[in-house]
Amino acid sequence: MKRYFQLGDVFGYFFRVFKKRDPNAPDSFNLRMMHGINRISIVMFLICVIIMIVRALTR
């Protein structure tokens with residue numbers, strides 16, 4: 001049961017997406033766009049979670 005609630009990989013991805021890019025890593029336009037879209041979706045998700053928490057606390 002404990003295995004299902006491990007979130008280490010999820011939080012590790014958040015830190016990997018927002019850190020500076022490795023100059024030795026292969027460069028691909030498609031990969032850059034994918035990471036850019038992932039950044040946008042993560043930021044939008046966090047903003048929506050904050051808004052939902054604020055609305056729940058102010059009711």
Side-chain angles (χ1 to χ4, degrees):
M1 188 69 167
K2 184 179 179 181
R3 181 178 60 141
Y4 294 113
F5 294 104
Q6 290 179 343
L7 297 175
D9 293 335
V10 174
F11 291 119
Y13 180 75
F14 288 139
F15 293 119
R16 280 194 315 259
V17 167
F18 290 107
K19 76 176 185 177
K20 196 170 190 176
R21 194 175 78 76
D22 183 16
N24 297 327
D27 192 22
S28 168
F29 177 76
N30 293 331
L31 188 62
R32 285 189 314 215
M33 290 298 110
M34 181 190 72
H35 287 300
I37 290 171
N38 284 347
R39 286 183 187 117
I40 292 169
S41 63
I42 290 169
V43 169
M44 288 177 59
F45 173 76
L46 292 175
I47 289 171
C48 291
V49 167
I50 291 170
I51 289 172
M52 290 172 62
I53 290 171
V54 167
R55 285 186 177 182
L57 293 176
T58 56
R59 286 187 179 192

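Every heavy atom of this structure was used, including side-chain atoms; hydrogens, water molecules and symmetry mates were not. Residue numbers run from 1 in the order of the sequence given. Being a predicted model, the structure only gives us computed values, none of them experimental.
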Quiz item: Is there a chain of hydrophobic side chains (I, L, V, M, F, W, Y, each step under 4.5 Å between heavy atoms) that links M52 to I47?
Solution: no
Quiz prompt | Sub-4.5 Å side-chain heavy-atom contact between I37 and M34 | solution = no
Quiz prompt | Same apolar cluster: V43 and M33, side chain cutoff 4.5 Å | solution = no
Exercise. Answer yes or no: is there a side-chain heavy-atom contact under 4.5 Å between I51 and R55?
Key: yes
Practice problem: Decide whether L46 and V54 are clustered together by the hydrophobic rule: side chain heavy atoms of Ile, Leu, Val, Met, Phe, Trp, Tyr closer than 4.5 Å, transitively. | Solution: no
